[in-house]
Each structure stands twice: as C-alpha cells, then as structure tokens.
Amino acid sequence: MKKLLRERLGNCLEGCRTDGSLTSGRIPEIVIEVPAHAEHGDFATNIAMLMAREEKKAPRKIAETIVSHLAGEDLFDRVEIAGPGFINFFLRKDVWHEALRAVAAAGDSYGRSLVGKGKRVQVEFVSANPTGPLHIGHGRGAATGDAVASILKAAGFEVVREYYINDAGNQMDTLGRSVHLRYLELLGRSIEFPADCYQGDYIRDIARDLVTKFGSKYQDAPAEEAIKVFAKLGGDVILDGIKRDLEDFGVVHDTWFSEQSLFDSGQVTKAIESMRAKGLLYEHEDALWFRTTDFGDDKDRVVVRGNGVTTYFASDIAYHREKFQRGFDWVVDVWGADHHGYVPRLKAVVQGLGRDPGDLKIILVQLVALQRDGVPVAMSTRSGEFVTLKEVVDEVGRDAARFFFLMRRSDSQLDFDLELAKRESTENPVYYVQYAHARICSIFENAEEKGLVPADFAGISLAKLETAEEMALIKFLDSFPETVEGSALNFEPHRITYYLQELAGLFHSFYNRNRVIGDDAELSAARLFLLKCTAQTLKNGLLLLGVSAPERM
RNA sequence: GCGCCUGUAGCUCAGCUGGAUAGAGCAACGGACUUCUAAUCCGUAGGUCAGAGGUUCGAAUCCUCUCAGGCGUGCCA
C-alpha cells in the first residue's frame, strides 16, 4: 500500500511541476510513514517540509498545492494538512478491503518480494570448530544465520547457506592430544590430563569408541602418529554430531567448506601471491604482513609467521577471495561478537580484492546468558561446563529455542531462561504467537461444521469489515511485505519476531470483541476471510524464523 | 592507552534509518469466562530516552565531549 501511495504521490508531484505550481529542480525521495497516532491518518508524508527550502515557500503552502492536485485520486476518504506541514492520508475502507484480498491471493508467498532479484548471497554461519559439540551460543548463531537466509530468500535473493570447517589449525592437534590421552587412560595407563586439553566428557566417549574399534593398536605407537589419526577421527565424529544437532534444530547448510581444502588446492598460496602482486603485503622481522591499515584497520596483520606457518588470517583471506570468486554479490558472515575486532581487517581484505566493503556483511551475535531458575549457567568449552544446544532443544523444544534466539536484535546480549521458555503461559511470547494461529484454525473447524466457510472466498463481500479491531488487523497485515523487506535489507530477523507478536496481539484483541461465527452469514464470511489472511501471515512469518505454526495446541 | 558495541518505564527490550503526544512484554494494581481455545482480553500506574553542548522547521535517532558497563587490542583459532 505504501508503494502504491508513493507512486501516486510521485505522479502528483510531477503534475505540479508540469503545470508550474511547484518549481523545484528535483523532488526529494518520497517518504511515507505510518503515523504513531491513528488520528494522523493511515499514512503521512513530510514531503512538503522537505521541499520548503528549495521552493522558498512555507511547508503548509506547498502541502496545500500538493493536496489540491490530489483531488482526482480515488484512494482517499480525505487528505489533511497537519502540524508544521505533514500531509495525512485517510484511505477509504474499500481500498483496504481490496488490499486484504492480496494476502489471500498470494497465499504461502505472501511477504515475498523481488528486491533481491538477480543477486546471489552466501550466508556463512555457525562454523564452529569441530573440537566439541555446539553450545547454546552457537545455537543463537544458527537461528540467526538460518533466519537471515530464509528472509533474504523471501526478499528475492538467491541464497546459499554455508558452514566453514576450521579443520586446519592448532586446535585439531589439541583435539588429537586430548583424545589420545583419554585413550591411553582407558587402556589403563595413568596419565596427567593437561589444562589446555579439551575437558569435556565427549572426549572420553570418542576415546571409548576408538578403544572398541582399535583395541590397543595405538597404545605403543609413536604419540605423533596416534595424535594425527585421532585428530582426524575425532574431528569427523564431532562434525557428524554437529550436523545431527543442527538438523534436529531445523538448520540445513547447503555447503560445508573445509579450511584444509584451501591449503590442499593451493588457494592459500594463490591468495597470498595475488595480494602480494597488488602490493598489499610486505616483509618485516621475518614475517609477512598485510597492509590492513591502508583500509582503516588499527595496525597491519601478520599473514605468514616468522616460522613460515600461515596464520588463521591467511586462511580467511583465501576463503573470502574464494567466496567472491564463486560469484556471490554479497557475502554474509555470522560471528560471535567477541570476534568484532576482526571486522576491520576482513573489510580490508574485501577492499584488497577490489570489492566494495559493503559486499561483506558481518552480523555479530552477542552472548547468550543462559539461566536456569534465575541462576546463571557457566559456559566454557575448555572446562567442559557448557550447556549444549542439544540439551537446550531437548528441554524447551525447537520452536521455543529458535524464537527466543531471535527475540532480540543480534548485537544485544540475550538472557535465555530455560524455565520461561518452557512455560505455557502469556509470559512466553512463542506460545502467544503460536496460540493465535491455533485459535484461528480452531475457529475454522467450528465454522466448517456449521457450514459457514465459503467454498470460494473470491466472490464474497468484505464491506462489513469495519470495526476498529478489524481495520487495525487489515492495515497491519498489509505491512508484512515491507517488514520482510526491511528485515532482509538490514539483516535483522528480530523485526519479524516483533511483527508476529504485534500481529498476534491484534488478533487476540479482535477475537475478544468480535464474534466470527454468528447469524449474519455475510459478516461471518468476511471475518473468516480476515482470519484466513491473518493465519496465513502468522504462518509465513513463523516459517521465516524456522518456527512451526501448529493448528492445534 | 587506543578501538568497537551498549546505555530508553522497577525488569527484559522495540523504536520503521530525522518526524507529530516515546512504545510493547513481564512484574504491580483493578476488571472480563452459561459465548468460536481464559495458553486470551480490557483498564490503571509507571519516563530528565545516562549527562552536557551542537547541527535544523523538528533529535531517543546525526556530530563533539563527559560518565558508566561490556568486548577487543596474539607471529592463537
């Protein structure tokens, strides 16, 4: 609706210029807003105030000119000039009624748009090291990345979900050593387990499987050889577990990209050579440095250490170079917020590749403060005292977990209380939204029994939809596509979460004041149609978040 | 020291990229079920948008400074 209004207003302004009543060289961007207060209309624009300077006229005068040129428009009940020069639009009810039909017509694709058409985007998320199971922090990253990907897709982008496997660094060696020691321990040798090894019980589980598989085969093998083998096997087992946990969480990556493969295929060497050729690297004290300061970083960064070994940063250069070579227009990385210091250097890399730094979007996901009955739960991979994603999903369910992870904007810290997430009451937002959907389904069941549901809604009259609750619902439903669009272009899934809570609230208010099933068949049909559209929108929004829309609760 | 993020109701947080009288959910208080699911709704109360300047028709939003908190500042990953 906003779009339509913007179009009409644009035509109107052109008309004003043609007949000389406005003289501005160019027309500023037309901003249409939904006013905070209903008495200010369905929509409002500040265009007259924006033009005041160039027109050298009072905003209200300009507004009058514009409004007089809108006389022929058939959309409006009335148009008012208010305050310092706002133009407030009051749309006719039947215009809204027609807008509502668009919801049902679009059905499952209501909310989709074409803003991203023709653009390819990669969303890389989770990418946890294969050295331990996913914890709750990874869960938030998983929910966020997955929802961002779904929302981008709904906005017309072509989207690929990717997981980057850090299988090339020291941490794999640490994993191998950890498993090896537990293996020896299980075979009866007394060992000292170092603090810098992975402490979790899952290491013992892996070692136990290896004992079953190999017996004492590696008991007297050179430690170096055994550690190498165990690192590989352990990493595979853990990665399988990660994949399973993600699937249970409803997250499926299209591609799994191995860091090691960048070395095997020579991409790391190629990337370094390419950067060197561009004059972005230099040697200093035996190490090779990247001039990230040329692009605004605080200091230059080491790519190859004095001992000849590449850094993690080198892999990242090669990886992001490779991403863009695959033809993505935009690359989205979802990181834990503790990595925020790496943003400037990676933006530098992107610019070094000759791309706009905006082509790389980094979403920083803040910590999840997990609480159980108000008591904070400590989380640390090293000490092994973490709460895994699987435990959380098993306890509160997939829907509640995903919804909770997406309730706040990702760069603000999240308090996640397990008891609240399980509660089946009004305090729990996920139930509030899902309940709205289930309630509508229940009404339809009842209406069906009474034969009130039209076989085809296309021909029914909506003229009787006019209560405040009905109109509020219709208007809010109309704004769903632009909410999705804004959510996509800003990479902010929480906007959908908030939208759904508000939509559910509008429905519940409607429900308590308006009876759907009644004697007036025409009214019942119209209200059923309204609810059909509401349920459709609730469902579409929930699916974008990866949350189910139950028909019965 | 330097850099990034945050600071909005008692608590947890929104605020559509500069609009009109700052919103929601919890918590508190008072109401509403012979009626399509009370897992719901309605009402009341609650504010120096951390503070001070600046930019302009207009600032929670933009710029500067101050204060408070978090994080980062490896030739770790």
Side-chain angles (χ1 to χ4, degrees), chain A residues 2 31 33-37 39-40 44-46 49-50 52-53 58-59 82-86 88 129 131 166 168-172 174 259 284-289 297-299 301-313 315-316 336-344 364 366-367 407-409 411-415 417 420 423-429 431-432 434-436 438-447 449-450 452 479 482-483 485-487 490 492 494-495 497-499 501-502 504-505 507-518 524 527-528 531 552-553:
Chain A
K2 242 186 213 178
V31 179
E33 294 191 312
V34 178
H37 303 279
E39 62 266 34
H40 292 139
T45 183
N46 61 353
M49 287 179 281
L50 294 180
R53 183 174 302 223
F86 290 103
N88 295 336
N129 292 347
T131 55
N166 294 119
N170 289 338
Q171 79 279 6
M172 294 312 291
T174 305
E259 180 186 1
H284 175 65
E285 292 179 350
D286 296 333
L288 190 63
W289 298 70
D297 198 4
D298 304 347
K299 49 192 274 194
R301 307 293 171 176
V302 172
V303 176
V304 182
R305 284 176 277 215
N307 63 8
V309 178
T310 59
T311 60
Y312 182 78
F313 183 47
S315 299
D316 258 346
D338 53 336
H339 288 70
H340 76 259
Y342 292 75
V343 173
L364 296 173
Q366 271 288 0
L367 289 179
M407 262 192 335
R408 305 274 173 257
R409 44 185 307 160
D411 55 14
S412 78
Q413 196 187 303
L414 173 71
D415 290 327
D417 194 306
L420 174 62
R423 211 161 294 160
E424 300 189 351
S425 74
T426 173
E427 297 162 68
N428 188 345
Y431 281 96
Y432 185 75
Q434 288 184 318
Y435 180 55
R439 223 178 192 183
I440 293 173
C441 292
S442 165
I443 293 170
F444 263 85
E445 260 181 47
N446 286 307
E449 279 174 24
K450 297 200 166 70
L452 286 170
S479 71
E482 66 203 51
T483 301
E485 206 173 295
S487 175
N490 292 283
E492 292 183 340
H494 76 276
R495 294 192 190 198
T497 320
Y498 274 91
Y499 177 90
Q501 289 179 81
E502 194 171 341
F507 162 71
H508 288 308
S509 295
F510 161 85
Y511 175 88
N512 274 274
R513 286 192 179 169
N514 302 271
R515 205 171 157 82
V516 178
I517 297 171
S524 286
R527 285 184 171 164
L528 282 169
L531 292 198
R552 205 180 283 253
M553 290 175 78

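Labels below follow one simple rule: chain letters A, B, ... track the order of the sequence lines, proteins then strands, and each chain is numbered from 1. Heavy atoms only: backbone and side chains are in, while hydrogens, waters and symmetry mates are out. A quick note: this is a predicted structure, and the numbers were derived from the prediction, not measured.
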Requested in this report: Name the nucleic acid region contacted by A:Val304, choosing base, sugar-phosphate or nothing; use a 4.0 angstrom heavy-atom cut-off, strictly under.
Outcome: nothing
**Report entry** Distance, P atom - from B:C13 to B:G7, rounded to whole angstrom
**Finding:** 10 Å
Report summary line: Closest non-hydrogen contact found for A:Ala504 with A:Ala436 is CB-CB, 3.9 Å
Report summary line: dist A:Asn166:CG -> A:Gln171:CD (nearest 0.5 Å) comes out at 6.0 Å
Requested in this report: With heavy atoms under 4.0 Å as the rule, sort A:Asp297 into base, sugar-phosphate or nothing.
Outcome: nothing
Query raised in the report: Does any N or O donor sit under 3.5 Å from an N or O acceptor when you compare the side chain of A:Asp316 with the base of B:A77?
Result: no
Requested in this report: Compare the aromatic ring of A:His339 with the six-membered base ring of B:G72 and state whether they stack according to the 5.5 Å and 30° rule.
Outcome: no
Report task. Would you indicate whether the side-chain heavy atoms of A:Glu33 and A:Thr45 approach each other to under 4.5 Å? Result -> no
**Report entry** Residue list, salt bridge (Lys or Arg N to Asp or Glu O under 4.0 Å) with A:Arg305, at least two apart or on another chain
**Finding:** none
Query - Paired and unpaired positions of RNA chain B as dot-bracket, Watson-Crick or G-U wobble under 3.5 Å, | denoting a partner strand - result: (((((((..((((.....[...)))).(((((.......))))).....(((((..]....))))))))))))....
Requested in this report: Could you give the distance separating B:C11 and B:G46 at their C1' atoms, to the nearest angstrom?
Outcome: 12 Å
Query - C1' gap between B:A14 and B:C49, integer Å - result: 13 Å
Query - Interatomic distance at C1', B:C5 relative to B:G43, whole Å - result: 39 Å
Report task. Provide the distance between the two P atoms, one in B:G23 and one in B:G15, to the nearest whole Å. Result -> 15 Å
Query raised in the report: Hey, does the side chain of A:Lys299 come within less than 4.0 Å of B:C2's phosphate (OP1/OP2), counting only N and O?
Result: no
Query raised in the report: So what does A:Ala52 touch, heavy atoms closer than 4.0 Å: a base, only the sugar-phosphate, or nothing?
Result: nothing
Report summary line: Rounded to the nearest 0.5 angstrom, the CZ-CD distance for A:Arg495 and A:Glu485 is 11.0 Å
Requested in this report: Quickly work out the A:Asn46 CG to B:U56 P distance and round it to whole Å.
Outcome: 18 Å
Requested in this report: Can you tell me, in whole Å, how much space there is between the C1' of B:C76 and that of B:G10?
Outcome: 44 Å
Report summary line: B/S/- along nucleotides 3-9 of chain B (protein heavy atoms under 4.0 Å) is BB-----
Query raised in the report: Which whole number of Å gives the distance between the P atom of B:C26 and that of B:U66?
Result: 41 Å
Report task. Would you tell me if any nitrogen or oxygen in the side chain of A:Asn446 comes within less than 4.0 Å of OP1 or OP2 on B:U37? Result -> yes
Requested in this report: Looking at every strand, decide which applies to A:Glu445 at a 4.0 Å heavy-atom threshold: base, sugar-phosphate, or nothing.
Outcome: nothing
Query - Of A:Asp286 and A:Lys2, the one whose closest RNA chain B nucleotide lies more 5' - result: A:Lys2
Report summary line: Taken to the nearest 0.5 Å, the spacing of A:Thr311 OG1 from A:Leu288 CG works out to 9.5 Å
Query raised in the report: Does the side chain of A:Val303 come within less than 4.5 Å of A:Trp289's, by heavy atoms?
Result: no
Query raised in the report: Donor-acceptor pair under 3.5 Å: do we get one between A:Asp338's side chain and the base of B:G72?
Result: no
Report task. Look at the side-chain N and O atoms of A:Ser509 and state whether any lies under 4.0 Å from the OP1 or OP2 oxygen of B:C42. Result -> yes
Query raised in the report: Within a strict 4.5 Å, meaning less than it, do heavy atoms of the A:Arg408 and A:Gln413 side chains meet?
Result: no
Query - No-H, no-angle donor-acceptor pair, A:Tyr342 side chain to B:C76 base, under 3.5 Å - result: yes
Query - Side-chain N or O of A:Arg439 closer than 4.0 Å to phosphate OP1/OP2 of B:A38 - result: yes
Report task. Kindly say if A:Tyr511 contacts the phosphate of B:A38, meaning a side-chain N or O under 4.0 Å from OP1 or OP2. Result -> yes
Report summary line: Interatomic distance, NE2@A:His37 vs CG@A:Asn88, rounded to 0.5 Å, equals 11.5 Å
Query raised in the report: Which residue lies toward the 5' end of RNA chain B, A:Arg552 or A:Val302, if each is placed at its nearest nucleotide?
Result: A:Arg552
Report task. Select base, sugar-phosphate, or nothing to describe what A:Tyr498 touches, counting heavy atoms under 4.0 Å on all strands. Result -> sugar-phosphate
Query raised in the report: Between A:Tyr342 and A:His339, how do the two ring planes meet: parallel, tilted or perpendicular, split at 30° and 60°?
Result: tilted
**Report entry** Ring-on-base stacking B:A20 with A:Phe86 (under 5.5 Å, under 30°)
**Finding:** yes
Requested in this report: Name the nucleic acid region contacted by A:Ser412, choosing base, sugar-phosphate or nothing; use a 4.0 angstrom heavy-atom cut-off, strictly under.
Outcome: sugar-phosphate
Report summary line: With syn defined as a glycosidic angle within 90 degrees of 0 and anti as anything else, the base of B:U8 is anti
Query raised in the report: Yes or no on side chain to side chain contact (heavy atoms under 4.5 Å, CB included) for A:Leu531 and A:Phe510, after CA distance, side-chain angles and deciding distance?
Result: CA-CA 10 Å; A:Leu531 292 198; A:Phe510 161 85; 3.6 Å; yes
Query raised in the report: Taking the P atom of each, how far is B:U8 from B:A50, in whole Å?
Result: 6 Å
Query raised in the report: Just checking A:His494: base, sugar-phosphate only, or nothing, at a heavy-atom cut-off of under 4.0 Å?
Result: sugar-phosphate
Requested in this report: Would you classify A:Ala436 as touching base, sugar-phosphate or nothing, given that sugar-phosphate means primed atoms plus P, OP1 and OP2, and contacts are heavy atoms under 4.0 Å?
Outcome: nothing
